Undergrad: 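Here it is, the structure, as structure tokens.
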Amino acid sequence: MSAWTGSEVKTIGAAIAGALVARLIIGEFGWRDLVAVAFMTVVYPFGEWAIHVQLLHLKPFRWRGRTVELPTAAAHREHQEHPERLDLVNFSPREALAILCLAVPVTAAPLALVLPLGPVVSAVVTAYVLVGAYEWTHFLIHTAHRPRSRYYRSIWRNHRLHHFKNEHFWHGITNTLGDRALGTYKDQREVRRSETARTLQPD
Ligand SMILES: [Zn+2]
Ligand SMILES: [Zn+2]
């Protein structure tokens with residue numbers, strides 16, 4: 001994992017710029033671009049939730065007689081163990097590339113069945129901007145920066161509860177939509193303090 005460093009900004013910035021240039025070259029903008037942007041904006045919170053729950057919190061599993069831990073899960077466990085270490089907050093270059101080159105195209109691909117290439121690329125641009133927002137927001141939440149706006153306070157609280165109260169709830173970083181829709185947004189008084197919030201070991 002790396003801090004919110006130059007390389008992180010460069011990788012995501014280059015992805016946004018590249019996709020944007022591709023979109024401009026294709027041309028022919030229209031209402032379908034709005035549909036594509038709306039699609040990605042609606043799907044994104046659930047993607048953020050699913051990656052956090054399914055990939056980052058995946059427990060080590062047995063495979064061919066060996067115990068395997070996904071690199072993403074190992075990195076996230078380290079982050080949960082040391083939430084104060086800013087060098088462990090953001091994705092490693094490899095993780096960032098996997099999201100930009102794999103997760104985003106796979107999510108945008110179904111659009112190609114119903115929309116021309118231009119709007120599909122618009123969806124990719126949208127996703128890259130959202131991934132950039134995710135990385136920046138996650139980093140900011142772990143700094144000493146205090147929330148001032150209501151919205152930022154709500155996501156700041158959400159993520160801190162995930163780290164310090166119970167790791168099975170409050171998975172959203174940039175929003176709480178996924179948590180609210182999928183049952184992991186609770187009044188913190190109703191949730192017991194988890195012994196494993198920092199270690200992510202099985203209870
Ligand atoms: Zn965190
Ligand atoms: Zn987590």
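We count ligands from 1, going down the list as the structure has it; atoms in each ligand are counted the same way. Just so it is clear, the structure is predicted and the values come from calculations on it, not from any experiment.
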Undergrad: Nearest 10°: the angle subtended at the Zn ion (ligand 1) by H142 NE2 and H79 NE2?
TA: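 NE2 of H142 and NE2 of H79 make an angle of 100° at the Zn ion (ligand 1), to the nearest 10°.
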Undergrad: Pairing donors with acceptors under 3.5 angstrom, does anything connect the side chains of Q80 and H76?
TA: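 Side chains of Q80 and H76: pair found under 3.5 Å.
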Undergrad: Looking only at N, O or S atoms, find the one in H52 nearest to the Zn ion (ligand 2) and name it.
TA: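 This turns out to be NE2.
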Undergrad: Below 2.8 Å, any N, O or S contact between H163 and the Zn ion (ligand 2)?
TA: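 H163 does not place any N, O or S atom closer than 2.8 Å to the Zn ion (ligand 2).
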Undergrad: Is the ring centre of H162 less than 6.0 Å from the ring centre of H52?
TA: yes
Undergrad: Does any N, O or S atom in H162 come within less than 2.8 Å of the Zn ion (ligand 1)?
TA: no
Undergrad: Is a donor from one side chain sitting under 3.5 angstrom from an acceptor on the other, for N90 and E8?
TA: no
Undergrad: When H142 is tested against each of E84, R85, H163, R160 for side-chain hydrogen bond (donor to acceptor under 3.5 Å, both in side chains), which residue passes?
TA: H163
Undergrad: If I take the Zn ion (ligand 2) as the centre, what angle separates the OE1 atom of Q80 from the NE2 atom of H76? Nearest 10 degrees is fine.
TA: 90°
Undergrad: Provide the atom name of the closest N, O or S atom of H159 relative to the Zn ion (ligand 1).
TA: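 Answer by atom name: NE2.
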Undergrad: Above 12 or not: heavy atoms from other molecules or residues under 6.0 Å from CZ of R157?
TA: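 Check fails, neighbour count at 12 or below.
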